[in-house]
Amino acid sequence: MTYSKRQQIILKTLMHATGYMTALTLANVCSSSEKTVRNEILEMNSTSNIFNIKSKKGYGYHICFNSKEDHALLEEQLLNMSKFKKMNDISNSILDFIASKLLKKDSHFYEAECIKKCYISSATFHKYIGKIKNELELYNLSISKLTNSYHITGDEKYIRNFIITRIKFNSATSTNEGEESFLIDSIDTDFIRDCISLSCKEYDLYITKDILNNLCIHICILIMRHTVDVLHPTLIKEDNPNYDLALSIYRKILKKYKLDENEVIEIMQYFICNAGSLEIKTDYEKYWEYEITTNEILNDIALNTDIDLRNDSTLIQALTMHLISMVNRILCGIEIKYEFDEELKKNYILAYSLAYIAKLRIENKFNIFVPTSEITLLAIHFCGSLQRIQKKSQLDLLIVSQVGISYANLLKEKIISTYKTEIDIDILSLYSFRTELANKYDYVICNIPLPSIKNSILIENFFTAESIKKIDDLLSEKQNQRIKKFFSRELFIYDQNCYKSENEFIQYYGNEFVKLGLLHTDDLDQFHMRELSSSTYIGRSAAIPHILKPSGKSFCAIILLKHDVPWQNQNVRLVFFTCCTKKNVQIFSSLCKNIQFFLRKNEEIDPRYNNLTYEIWQEQLMHASSNYTTLF
């Protein structure tokens, strides 16, 4: 028996109702008229032999079943219809159905079963299997066949990822307008969401729609695969509200689906790992405690660097919520691994260094050890904030025109459209310009010579390509001069010694730089601590051990080694031994970009750095700047 979309909504509404439902209420739910509802009910009553929708004057409609078995049968029919109802695309619905069957662990899926249930031929079945195979290959998975029974084989991690991509959203099966539910074969996700919501209400815990949906997906995977990934088996159960909450959900789900105790712990881990998102709405005292820690971190960064993030409200809120979850994870012994750890360390060295400053404050505040994986997650927050600062960091320009204000406005629009960034531009006619005004701006752009103004840039009347190149060259040279200050010929070193480890190397050169007055003895401990927290290896046989400090001297020593130095699990031939003071931290980010560009370029020419000289380095350094440095 099949039912239209409107009839399905009417049946679901009546089945979930605790009493009678009026025609007006049903009409509102279906977005139709009362007459249409009455006609739909008459049609269903005339064709069904398992239920009867009765009406009572003054009360409304009520659905009655001959037996409990009939009630269960209708539920199953509605569930089966919702599985195949996806934007009028039956083909995709069958694909979802086959994929769901294949994904069930330790179950057998037979060709004959699918042909009978989906009303398709054997050739069509194999066509769908071929489509799923192609999709599985993207996840390094395959379909194996054993005596006409099919199942998916491969790494469980990839199977889980594939399941997530197969979960679909469809508002047509929702109980409330705008609410979404998932299409997963044979799993009643509305029931699972109700279990989660009820348990959260019992524990007075606010849960967002996104967290609810994600946890529903998580539990669906447990039901389908029964493969847990308990990150720490000794998680405390007694007096643990997260465990009690997970146990409450588990007991409700047991009424319909089979789970075991290990899967309760995995549900608990989900709540621990998302504590920031869950607790912020209910535990304001805890939120403020962590926000204080966030502000302390940003104060530490401002004190040790020239970067002030204390007014970034987006960072403060996100980092505070992250800290709640992070501390929960660490206290429970959960360590999350991410594949992009090394990539982030190599390409976002400054953000990672700020995360290291945060790590020291968190460890001191909460008396915990912050592992490398958590430093990476902290660094991601700082990456975003640094991008916002870079976007908002404005260059103050003054345009002085001898032609008049209208020409100055034209020039202003040309500059804004050329550089596509946040710029503060003021305009003046030549008659209104005074020499002392130049000191208030980064540059004074004019179409007549102003020899007494050192920061003036002379351009052609209509801002030609030659004008753009002139401005770019001036700023690139300014950037290059700032970066050049980090280097000197005396600190370009050829080393023929052998070192047993990176610690021995750092200790030796740290002492040498102390003798030269470039470092203080206390700085050596910071280098070792930074390396202990996370390797400064940046790929291509290179490392950049570094510290950020409030005062002293900024320098970058280039040390070319004859013998490889074991650098944790890597071999290093080239080292950029760097110390960056507070006033030069912004340049440090550009310096790291230059080094990364040089390494990529040099890898094709001289991967062992056998022919590297100071002159070649200087030339490559300037070439690197010209490839990514723009005016603003």
Side-chain angles (χ1 to χ4, degrees), residues 1-88 90 93 96-97 100 117-119 168-199 201 212 216 220 223 251-257:
M1 181 67 196
T2 58
Y3 302 100
S4 68
K5 179 181 175 181
R6 187 183 294 114
Q7 288 173 343
Q8 290 179 51
I9 294 172
I10 292 171
L11 288 172
K12 286 183 178 182
T13 304
L14 290 172
M15 289 174 72
H16 288 97
T18 54
Y20 285 87
M21 300 288 290
T22 65
L24 178 60
T25 302
L26 291 171
N28 290 333
V29 172
C30 299
S31 300
S32 61
S33 67
E34 294 180 53
K35 183 178 179 180
T36 300
V37 168
R38 292 190 184 98
N39 289 336
E40 295 284 11
I41 290 173
L42 285 172
E43 182 182 342
M44 287 188 286
N45 279 339
S46 64
T47 57
S48 173
N49 57 2
I50 62 172
F51 68 83
N52 183 35
I53 300 175
K54 296 182 178 180
S55 63
K56 186 176 181 180
K57 191 174 182 179
Y59 290 85
Y61 291 95
H62 177 65
I63 189 167
C64 299
F65 295 91
N66 299 324
S67 64
K68 289 183 179 180
E69 289 75 15
D70 287 345
H71 184 282
L73 180 60
L74 181 59
E75 275 192 334
E76 185 181 355
Q77 287 178 352
L78 292 174
L79 188 59
N80 286 336
M81 277 184 277
S82 68
K83 288 184 303 192
F84 291 94
K85 199 170 188 62
K86 179 176 177 285
M87 304 297 291
N88 299 320
I90 299 299
S93 296
D96 287 340
F97 172 77
S100 298
K117 212 159 193 176
C118 299
Y119 305 102
K168 308 297 182 188
F169 294 85
N170 185 357
S171 58
T173 60
S174 302
T175 54
N176 297 318
E177 188 177 353
E179 185 181 330
E180 296 170 328
S181 61
F182 311 97
L183 288 179
I184 306 178
D185 178 66
S186 75
I187 297 180
D188 185 352
T189 50
D190 287 336
F191 167 75
I192 293 173
R193 281 149 54 111
D194 288 343
C195 293
I196 298 167
S197 299
L198 286 171
S199 294
K201 285 179 182 178
L212 175 63
C216 184
C220 286
I223 293 170
R251 286 170 176 163
K252 289 180 174 64
I253 292 174
L254 273 182
K255 295 176 182 177
K256 204 162 189 176
Y257 301 107

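In this text, all values refer to a predicted model and were calculated from it rather than measured experimentally. What's counted below: heavy atoms across the whole structure, side chains too, no hydrogens, waters or symmetry copies.
- N45 contributes no side-chain N or O that, together with a main-chain N or O of E40, makes up a donor-acceptor pair within less than 3.5 Å.
- Classification of the H71-F65 ring pair by plane angle, with boundaries at 30° and 60°, yields perpendicular.
- Annotation: salt bridge (charged side-chain N to carboxylate O under 4.0 Å, His left out) contacts of K256 (sequence neighbours excluded): D188.
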Next item on the list: Please assess H62 against I53 for the test side chain to side chain contact (heavy atoms under 4.5 Å, CB included), listing each intermediate value before the final yes or no.
Entry: CA-CA 6 Å; H62 177 65; I53 300 175; over 6 Å; no
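- For residues 14-37, the set of pairs meeting the salt bridge (charged side-chain N to carboxylate O under 4.0 Å, His left out) definition, not counting sequence neighbours, comprises E34-R38.
- More than 12 heavy-atom neighbours from other residues, nucleotides or ligands sit within 6.0 angstrom of CZ on F191.
- Atom-to-atom distance recorded for D194:CG and S199:OG is 10.5 Å, nearest 0.5 angstrom.
- Applying the salt bridge (charged side-chain N to carboxylate O under 4.0 Å, His left out) rule to pairs touching residues 13-22 yields nothing, sequence neighbours excluded.
- Proximity of a side-chain donor or acceptor of Q7 to a complementary backbone N or O of S4 within less than 3.5 Å is detected.
- Judged by distance alone, with hydrogens and angles left aside, the side-chain atoms of T36 form no donor-acceptor pair with the main-chain N or O of S32 at under 3.5 Å.
- Atom CG of residue N52 and atom CG of residue N66 lie 8.5 Å apart, to the nearest 0.5 angstrom.
- Note that the CD1 atom of I196 and the CD1 atom of I253 stand 6.0 Å from one another [nearest 0.5 Å].
- Put simply, the side chain of S46 gets close to the backbone of E43: a donor and an acceptor are under 3.5 Å apart.
- None of I41, L14, T13 except one satisfies the side-chain contact (heavy atoms from CB on, under 4.5 Å) rule with I63; the exception is L14.
- Between N39 atom CG and M44 atom CE the span is 11.0 Å, to the nearest 0.5 Å.
- M21 CE to H16 NE2: the interatomic distance, rounded to the nearest 0.5 Å, is 11.5 Å.
- Side-chain contact check for I192 versus K252: every heavy-atom pair is 4.5 Å or farther apart.
- Interatomic distance, CG of L11 versus OG of S48, reported as 8.0 Å (0.5 Å rounding).
- Side-chain contact between Y61 and I10: absent, with no pair of heavy atoms (C-beta onward) separated by less than 4.5 Å.
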